[in-house]
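What you see below is based on every heavy atom in this structure, not just the backbone, and it leaves out hydrogens, waters and symmetry mates.
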Amino acid sequence: MSFSSDVLSQLSNAISARAEAAKNVVVAVRLGEGRHLTGLVWQSGVVVVSEQALPRGDEFELVAPGGSTVAAQFAGRDASTNIAILKTTDSIPAPAFAAAEAHIGALALAIGADGEGGASVRLGTVNLVGGEWHSRRGGLIDRRIVLDIGLAHREEGGPVFDAAGGCLGMSTFGPRGHVIVIPHATLTRVVPQLIKDGHVARGWLGVALQAVAVPDALRENADQTGGMMVMSVVEGGPAAQAGIVAGDIILSVDGISAHRVRKIARYFGGDSIGRKADVRLIRGGAVITVQTTIAERRAA
């Protein structure tokens with residue numbers, strides 16, 4: 001019995017020590033009415049936050065480790081990878097932490113900001129680890145990491161550490177409300193682009209799309225059962241210049257089926273900008289092909 005309690009005490013003390021070391025990595029981003037979200041001090045003067053949780057705005061107030069307040073400016077966001085950054089007017093020291101690889105069943109500590117200069121801690125396990133994947137908006141996420149852990153909305157955007165103190169990445173809410181991790185590798189790839197340009201370049205057609213079924217009479221000719229109906233076309237955009245109009249049903253882009261939003265979104269990475277693309281579509285009961293040139297997505 002004494003051995004068991006000693007082991008548990010050691011585990012408890014180790015978790016407490018990890019949490020103590022990690023509290024200087026997080027800041028609270030005040031949202032008003034007593035609410036906040038968590039930010040990760042990525043480097044001196046740069047704070048990473050969950051893009052989906054960050055409201056629109058140019059100026060933000062942060063509560064730094066220890067409780068002092070620091071002004072910050074919005075500096076960039078990429079909805080496709082759920083990463084946004086703020087730049088602080090007063091530098092916040094960035095503690096050094098190493099990247100870590102996720103392993104199924106391993107312990108994970110999700111650190112959040114308590115809003116007063118301290119930290120909150122959630123302990124759980126890594127539930128699932130998979131390969132790279134694309135978000136619904138087409139962003140490349142380097143690993144699929146799902147946590148078996150509870151997380152408050154105010155804690156979203158904080159770092160996730162393994163038992164050895166290595167950083168797995170940033171916590172966020174994924175599909176169906178699961179707590180997932182935006183991997184350290186994805187942050188390392190995207191954050192410098194946001195610091196430099198404020199956004200991540202992606203290809204753009206200039207249309208709003210809605211998944212629809214291909215009419216029965218056209219399925220044999222279309223050679224597929226579903227596509228994307230053009231709901232609206234941006235004036236002067238690539239689609240408009242190619243003659244694509246509302247009501248067209250896009251079947252494929254350069255041979256890539258448009259049956260699924262996520263699948264077609266993968267095509268429009270930064271390397272697609274300037275590429276000529278054949279768009280196969282249904283118009284007026286006929287299947288036709290038009291050519292367009294992919295442009296860079298306009299800033300939101």
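Side-chain contact between L281 and I249: absent, with no pair of heavy atoms (C-beta onward) separated by less than 4.5 Å. Taking the side chain as every heavy atom from C-beta outward, Q43 and I195 approach each other to under 4.5 Å. Within the 4.5 Å cutoff, no side-chain heavy atoms of Q224 are placed close to those of R219. The shortest distance between side-chain heavy atoms of I149 and S171 does not fall below 4.5 Å. Contact check for W42 versus P159: no side-chain heavy atoms found under the 4.5 Å cut-off. V70 has its side chain out of reach of V27: every pair of non-hydrogen atoms, C-beta onward, lies at least 4.5 Å apart. V63 has its side chain out of reach of E116: every pair of non-hydrogen atoms, C-beta onward, lies at least 4.5 Å apart. Using a 4.5 Å heavy-atom cutoff, the side chains of V200 and S80 are not in contact.
A side-chain donor-acceptor contact under 3.5 Å links T88 to the backbone of D90. Between the T89 side chain and the A71 main chain, a donor and an acceptor come within less than 3.5 Å of each other. No donor-acceptor pair under 3.5 Å is formed between the side chain of R154 and the backbone N or O of R35. Looking at R275, its side chain never comes within 3.5 Å of a backbone N or O of I294 through a donor-acceptor pair. Judged by distance alone, the side chain of R143 and the main-chain N or O of G130 form a donor-acceptor pair under 3.5 Å. Panel note: side chain T289, backbone D278; no donor-acceptor pair is recorded below 3.5 Å. Formation of a donor-acceptor pair under 3.5 Å by the T188 side chain with backbone atoms of H184 is found in this model.
Residues V207 and I288 share a hydrophobic cluster, clusters being chains of Ile/Leu/Val/Met/Phe/Trp/Tyr side chains in contact below 4.5 Å. I180 and L40 end up in the same hydrophobic cluster when Ile, Leu, Val, Met, Phe, Trp and Tyr side chains are linked at under 4.5 Å. Following chains of ILVMFWY side-chain contacts shorter than 4.5 Å, one can reach V146 starting from I141, so the two form part of one hydrophobic cluster. Transitive grouping of hydrophobic side chains (ILVMFWY, heavy atoms separated by less than 4.5 Å) keeps L37 and V48 in distinct clusters. Side-chain heavy atoms closer than 4.5 Å link hydrophobic residues (I, L, V, M, F, W, Y) into clusters, and following such links, possibly through other members, connects I182 to V26.
Residue W133 holds its CH2 atom at 10.0 Å from CG of L140, rounded to the nearest 0.5 Å. A distance of 10.5 Å separates CG of L54 from CD of E156, quoted to the nearest 0.5 Å. In this structure, CD in E155 is found 13.0 Å from OG in S50, a value given to the nearest 0.5 Å. Taking CG of D78 as the start and OG of S135 as the end, the distance is 8.0 Å to the nearest 0.5 Å. Taking OG1 of T172 as the start and CD of Q52 as the end, the distance is 4.0 Å to the nearest 0.5 Å. How far CG of N24 is from CZ of F97: 12.0 Å, rounded to the nearest 0.5 Å.
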* Full working for side chain to side chain contact (heavy atoms under 4.5 Å, CB included) between R30 and T69 -> CA-CA 10 Å; R30 286 179 170 167; T69 58; 3.7 Å; yes
* Evaluate the criterion side chain to side chain donor-acceptor pair (under 3.5 Å) for residue pair S120 and D114; output intermediate values, then yes/no. => CA-CA 6 Å; S120 59; D114 67 0; over 6 Å; no
* To do: Show your reasoning for whether side chain to side chain contact (heavy atoms under 4.5 Å, CB included) applies to V179 and F173.
  => CA-CA 5 Å; V179 177; F173 292 101; 4.0 Å; yes
* **Full working for side chain to side chain contact (heavy atoms under 4.5 Å, CB included) between I83 and E51** => CA-CA 5 Å; I83 298 170; E51 191 278 337; 5.6 Å; no
* Between V230 and V245, does a side chain to side chain contact (heavy atoms under 4.5 Å, CB included) hold up when you go through it step by step? -> CA-CA 7 Å; V230 177; V245 297; over 6 Å; no
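When every heavy atom of K87 is checked against every heavy atom of A75, the shortest pair comes out as CG-CB, 3.7 Å. A pairwise comparison of heavy atoms in M228 and H259 identifies CE-O, 3.7 Å as the closest pair. Across all their heavy atoms, A108 and L147 have their closest contact at CB-CD2, 4.1 Å. Minimum heavy-atom separation, S91 to G45: OG-N, 4.1 Å. Contact between V29 and G39 at its shortest, heavy atoms only, is CG2-N, 4.4 Å. Closest non-hydrogen pair, A222 versus L251, comes out as CB-CD1, 3.8 Å.
Here side-chain hydrogen bond (donor to acceptor under 3.5 Å, both in side chains) pairs that include residues 233-250, with residues two or more places apart or in two chains, are D248-R283.
Tested against H199, the residues Q193, E296, R77 include a single side chain to side chain donor-acceptor pair (under 3.5 Å) partner, E296.
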